[in-house]
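For the numbers below, each heavy atom of this structure counts, side chains included, while hydrogens, waters and symmetry mates do not. Please read these numbers as outputs of a predicted model, since none were measured by experiment. When a residue number appears, it is its place in the shown sequence, counting from 1.
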Amino acid sequence: VSDPAGKSTAATAAVLVSAEGASYTVHIGHGIVDGAGELIRDACGGGRRCALVTDSNVGPAHAGRLVRALGAAGVEPVVLTVPAGEGSKSFGCLERLCGDMAAAGLDRKSFVVGLGGGVVGDLSGFAAAVYLRGVPHAQVPTSLLAQVDSSVGGKTGINIPAGKNLVGAFHQPAVVVADTALLETLPPRAFREGMAECIKHGIIRDAPLVDEAAQMARDDLPGLVARNIAIKARVVAEDPFERSGIRALLNFGHTVGHAIEQAAGYGRFLHGEAIAIGMAAALRLSVTKAALPEDHERRALEALEAFDLPIRLPDDIPEEPLLEALARDKKFESGSIRFVLTSALGSAFVSDQISRDDILDAIRAIRGKQGNGIL
Ligand SMILES: NC(=O)c1ccc[n+]([C@@H]2O[C@H](COP(=O)([O-])OP(=O)(O)OC[C@H]3O[C@@H](n4cnc5c(N)ncnc54)[C@H](O)[C@@H]3O)[C@@H](O)[C@H]2O)c1
Ligand SMILES: [Zn+2]
């Protein structure tokens, strides 16, 4: 993985991601989508037909630009729009997409472009993985979460009633175009939840990022996105199929965070908000179990608070459902759970020394009213 411009403020940066013996480029910049037609066409094998998959929020705002950009490169896209929201990561939507692609006559030389947040990225990527046993996929992520996290790494998939992301495939994108100008229409709350993942990246791999994230979000969004993609790319390159345990470090804050999402009922917290509270719990456990200095914990919490992200567990979320969700999510093997901790900002490791009671202590320690009164 090279990171030629991870910290630059230049309009365009590129991060090379290596995975599964192949590699692809993530292009980052402000306003780059308008000139990205050729780039996408060439990375996807040079075909002249593609499906442009988007959702009902993003399509009206941005699909026209991408259709024009592809058209300028001689590519004729068929635009397929799914309803916005997690519900579209379903077999029903997948089936409709594949049917529409077949009806449009897309063949083995065709490719799929996903224009949207993580939902569109995961769904369109899975469609590309299975349509005609696999066609190239280009990601044009439009949410901050998708730009810094879900568009890189090749995980694609859908949800089934038994659980989220239970059906899917590894299908690395052929190219990713992360245009920060597309974020201008993103609701502020969605932007802030993406920042939770950025701060997570800092906690596990890049301590200065924890302190610099707020200023970069204001002054140098392309630089911030590039720096985060470089972190995700490094982790993915070290563990492309999530086997060695390194990729598991990206789950920092997610064990308790997922349990909060479930216990609070999906919809109350955005994913990134639940993860922010989950990181507060993981930081507390890191202080008590991994000798994380308290000023490191404070720096990370301040970084989250700078984006109005919650760092306290509201009193009206009882312990029982939380613990049940934890037990469902992760098996406590002989009383302990694999849990991501940090001993110093910028590094993380998986501990198998954390018990149910330890987690309970941490959850109790972060209870209370949010200082800034939100949520
Ligand atoms: N594949 C991976 O590695 C990976 C990693 C993390 C998350 N995910 C998945 O990503 C999904 C969450 O991603 P998300 O937070 O982007 O959700 P999302 O795709 O639902 O987007 C959030 C909301 O913002 C809207 N939106 C997106 N971009 C916009 C823009 N530029 N302007 C206006 N509105 C815009 C969407 O329509 C949606 O309503 C989940 O399904 C999760 O499982 C995947
Ligand atoms: Zn997450």
Trainee: Only pairs at least two apart or in different chains count here, so list each salt bridge (Lys or Arg N to Asp or Glu O under 4.0 Å) that has a residue in residues 110-139.
Mentor: Lys89-Asp122
Trainee: For the residue pair Val33 and Leu66, establish whether any side-chain heavy-atom pair is separated by less than 4.5 Å.
Mentor: yes
Trainee: If you round to the nearest 0.5 Å, how far is CG of Asp149 from NE2 of His271?
Mentor: 7.0 Å
Trainee: Tell me if a side-chain donor or acceptor on His296 pairs with a main-chain N or O of Leu345 at a distance below 3.5 Å.
Mentor: yes
Trainee: Indicate yes or no for a side-chain donor-acceptor contact from Glu38 to the backbone of Ala73 under 3.5 Å, with no hydrogens or angles considered.
Mentor: no
Trainee: Among pairs that include at least one residue of residues 42-57, which meet side chain to side chain donor-acceptor pair (under 3.5 Å), considering only residues two or more places apart or in two chains?
Mentor: none
Trainee: Tell me every residue that passes side chain to side chain contact (heavy atoms under 4.5 Å, CB included) with Ala162, counting only those two or more places apart in sequence or in another chain.
Mentor: Ile160, Leu166
Trainee: Do any pairs count as a salt bridge (Lys or Arg N to Asp or Glu O under 4.0 Å) and have a residue in residues 276-288, sequence neighbours left out, and if so which ones?
Mentor: Arg284-Glu294, Arg284-Glu297
Trainee: Could you tell me whether the side chains of Thr142 and His62 share a donor-acceptor contact shorter than 3.5 Å?
Mentor: no
Trainee: Can you list the steps and then say if Leu323 with Arg356 is a side chain to side chain contact (heavy atoms under 4.5 Å, CB included)?
Mentor: CA-CA 8 Å; Leu323 290 171; Arg356 188 178 181 274; 3.7 Å; yes
Trainee: Under a 3.5 Å distance rule, please check whether Lys232 uses its side chain to pair with a backbone N or O of Val148 as donor and acceptor.
Mentor: no
Trainee: Under a 4.0 Å N-O cut-off, is there an ion pair linking Lys164 with Glu86?
Mentor: yes
Trainee: Is a donor on one side and an acceptor on the other found under 3.5 Å between the side chain of Ser286 and the backbone of Thr342?
Mentor: yes
Trainee: For the pair Ser18 (side chain) and Ala237 (backbone), establish whether a donor and an acceptor sit closer than 3.5 Å, ignoring hydrogens and angles.
Mentor: no
Trainee: Any sub-3.5 Å donor-acceptor pair from Ser351's side-chain atoms to Gln353's backbone N or O?
Mentor: yes
Trainee: From the options Asp352, Asp357, Asp358, select the one residue that forms a salt bridge (Lys or Arg N to Asp or Glu O under 4.0 Å) with Lys289.
Mentor: Asp358
Trainee: Restricting to non-hydrogen atoms, name the atom on Met279 and the atom on Lys200 that form the minimum distance, rounded to 0.1 Å.
Mentor: SD-CB, 3.7 Å
Trainee: Does Ile231 reach the side chain of Leu209, with side-chain heavy atoms less than 4.5 Å apart?
Mentor: yes
Trainee: Residues in side chain to side chain contact (heavy atoms under 4.5 Å, CB included) with Glu302, at least two apart?
Mentor: Arg298
Trainee: Kindly compute the distance separating CG (Leu313) from CG (Asp315), expressed to the nearest 0.5 Å.
Mentor: 8.0 Å
Trainee: Check the pair Val140 / Asp179 against side chain to side chain contact (heavy atoms under 4.5 Å, CB included), numbers first and verdict last.
Mentor: CA-CA 8 Å; Val140 185; Asp179 183 343; 5.7 Å; no
Trainee: Counting C-beta onward and ignoring hydrogens, is there a side-chain heavy-atom pair between Val113 and Ser124 closer than 4.5 Å?
Mentor: no
Trainee: In the hydrophobic cluster built from side-chain contacts under 4.5 Å, what are the other members alongside Phe241?
Mentor: Phe170
Trainee: Quick one: ring-ring contact (aromatic ring centres under 6.0 Å, His included) pairs with a partner in residues 189-240, sequence neighbours left out?
Mentor: none
Trainee: Please determine whether residues Ile204 and Val15 belong to a single hydrophobic cluster, defined as Ile, Leu, Val, Met, Phe, Trp and Tyr linked transitively by side-chain heavy-atom distances below 4.5 Å.
Mentor: yes
Trainee: Does anything in residues 244-253 pair up under salt bridge (Lys or Arg N to Asp or Glu O under 4.0 Å), and if so which pairs, sequence neighbours excluded?
Mentor: none
Trainee: So do Leu341 and Ile354 actually touch side chain to side chain, heavy atoms under 4.5 Å?
Mentor: yes
Trainee: Side-chain heavy atoms nearer than 4.5 Å, only ILVMFWY residues, links allowed to pass through others: does that put Val236 and Val177 together?
Mentor: no
Trainee: Side chains of Asn165 and Asn159: closer than 4.5 Å at any heavy-atom pair?
Mentor: yes
Trainee: Is it true that, when you exclude Gln215 itself, more than 12 heavy atoms of the residues, nucleotides or ligands shown sit nearer than 6.0 Å to its CD?
Mentor: no
Trainee: What is the distance from atom CZ of Arg299 to atom CG of Asp211, rounded to the nearest 0.5 Å?
Mentor: 4.0 Å
Trainee: Would you mind checking if Asp206 and Arg234 are paired as a salt bridge, meaning a charged N to carboxylate O distance below 4.0 Å?
Mentor: no
Trainee: Given the rule in the side chain to side chain contact (heavy atoms under 4.5 Å, CB included) test, do Ile275 and Phe269 qualify, once you have shown the distances and angles that lead to the verdict?
Mentor: CA-CA 9 Å; Ile275 273 21; Phe269 293 115; over 6 Å; no
Trainee: Nearest 0.5 angstrom please: Thr180 OG1 to Leu224 CG, how far?
Mentor: 10.0 Å
Trainee: Applying side chain to side chain donor-acceptor pair (under 3.5 Å), which residue pairs with at least one partner in residues 64-77 are found, sequence neighbours left out?
Mentor: Asp34-Arg65
Trainee: Is the shortest side-chain heavy-atom distance between Pro222 and Asp220 below 4.5 Å?
Mentor: yes
Trainee: Do the non-hydrogen side-chain atoms of Leu249 and Val235 ever get within less than 4.5 Å of each other?
Mentor: no
Trainee: Filter on salt bridge (Lys or Arg N to Asp or Glu O under 4.0 Å), then keep only pairs touching residues 137-147, sequence neighbours left out; what's left?
Mentor: none
Trainee: Working to the nearest 0.5 Å, report the span between CG of Leu97 and CG of Leu123.
Mentor: 5.0 Å
Trainee: Rounded at 0.5 Å granularity, tell me how far CG in Leu326 sits from CD1 in Ile363.
Mentor: 6.0 Å
Trainee: Would you list the pairs meeting side chain to side chain donor-acceptor pair (under 3.5 Å) in which at least one residue belongs to residues 93-118, sequence neighbours left out?
Mentor: Asp107-Ser110
Trainee: Applying the 4.5 Å side-chain criterion to the ILVMFWY set and letting contacts propagate, would Ile158 and Leu145 be lumped into a single cluster?
Mentor: no
Trainee: Ignoring hydrogens, what is the shortest heavy-atom contact between Ile203 and Ala300? Give both atom names and the distance.
Mentor: CD1-CB, 4.0 Å
Trainee: Does some side-chain heavy atom of Tyr24 sit less than 4.5 Å from a side-chain heavy atom of Pro136?
Mentor: no
Trainee: Mind jotting down which residue pairs meet the ring-ring contact (aromatic ring centres under 6.0 Å, His included) criterion with at least one end in residues 108-167? Sequence neighbours excluded, please.
Mentor: none
